Amino acid sequence: MARFLPSIWLGEFRSKAEYDAQGQALAAAFSVYDWIDDRLLHSRHPFSYPAYCVACAQVTPIQVGWVLALGNEDGSVHPAWTETGICSRCQLNSRMRALLDLLQTRCLLQKTSRAYIAEQTTPLYRKLKQWIPSLIGSEYLGPGYPSGTLLSSWQGFASVRHEDLTALSFPDRAFDLAMTLDVFEHIPDYRKAFAELWRVLASGGSLVFTIPFFPELETTRIRASVDKTGKVIHHLPMELHGNPVDPAGSLCFQNFGWDILAALREVGFADAVAHLYWGPWQGHLGYPFFVFQAAKA
Ligand SMILES: [Zn+2]
């Protein structure tokens, strides 16, 4: 089925300079995409339309809603596209399915892979577990637990593993594939998390992740940090994101810019790439967005 549809992968970039060099061409393409969105948005009511779901491997109704809708400078309002575009069958949203597309097209989704994902209570974890039976998932349950702690019957889940990405319990080179989706922005010392994930990956392994990313930023904008006493210092107004395991939400410590590719290389990754995605035929609308891949030599 997928072979009858155009690719949703638009290109890859290794720096802001590389991205900016395509500025005019990208701006022109994005104006096409924006026009298509506007034609779809008859009203502010939720709607669904048929598109191919890479997780279900079939055309399904893709639901578009207005939760977390964003206002633009010109006064227009658009859905939070990467958070919506939810497959009504498997419940995976746009960014989750784009990450799956990257895994599939790069042959990273292997049944025998040793894989880790920094989530365990989500539809994506359950879907991936069908393909990679030995997949290990975890949640961050707070500073009170050591990494590797297994909590039984936790909030309706039979067993949940706690891991702190800056101090993982796994041995060196334990995995071929590591994945995180919109997690790094909640970790003040995200460079330490990058280093830990590099440590637990085997030679040739890949870290694949999504983050809220700001392609206009060369340098990551630090919104909050943690001082030596553990106190959170706010440099910009607080930004809270939804958290599947904490109704109070999670504080966003930084808005990522292109320097994270350099940060990934600095901790040891041989290559770090931002893959650009868009394609209504697979339920990806709105501003094109990125899925990241860092490879260990
Ligand atoms: Zn689906």
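Given the structure is predicted, the values throughout are model-derived calculations rather than measurements. The first residue in the sequence is number 1, and the count goes up from there. Just follow the structure's listing: the first ligand is 1, and inside any ligand the first atom is 1.
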Ignoring water, what protein N, O or S atoms are under 2.8 Å from the Zn ion (ligand 1)?
Cys53 SG, Cys56 SG, Cys87 SG, Cys90 SG
Selection residues 223-251 - residue pairs positive for ring-ring contact (aromatic ring centres under 6.0 Å, His included), sequence neighbours left out:
His186-His241
How about Phe213 and Thr220: do any of their side-chain heavy atoms sit closer than 4.5 Å?
no
Could Glu12 and Arg106 be called an ion pair, given the rule that one side-chain N must be under 4.0 Å from one carboxylate O?
yes
Are Lys16 and Asp20 ion-paired here, with the side-chain N under 4.0 Å from a carboxylate O?
yes
If we only count heavy atoms from C-beta on, is the Asn255 to Glu239 side-chain gap below 4.5 Å?
yes
Within-4.5 Å side-chain heavy-atom neighbours: Tyr277 and Pro288
no
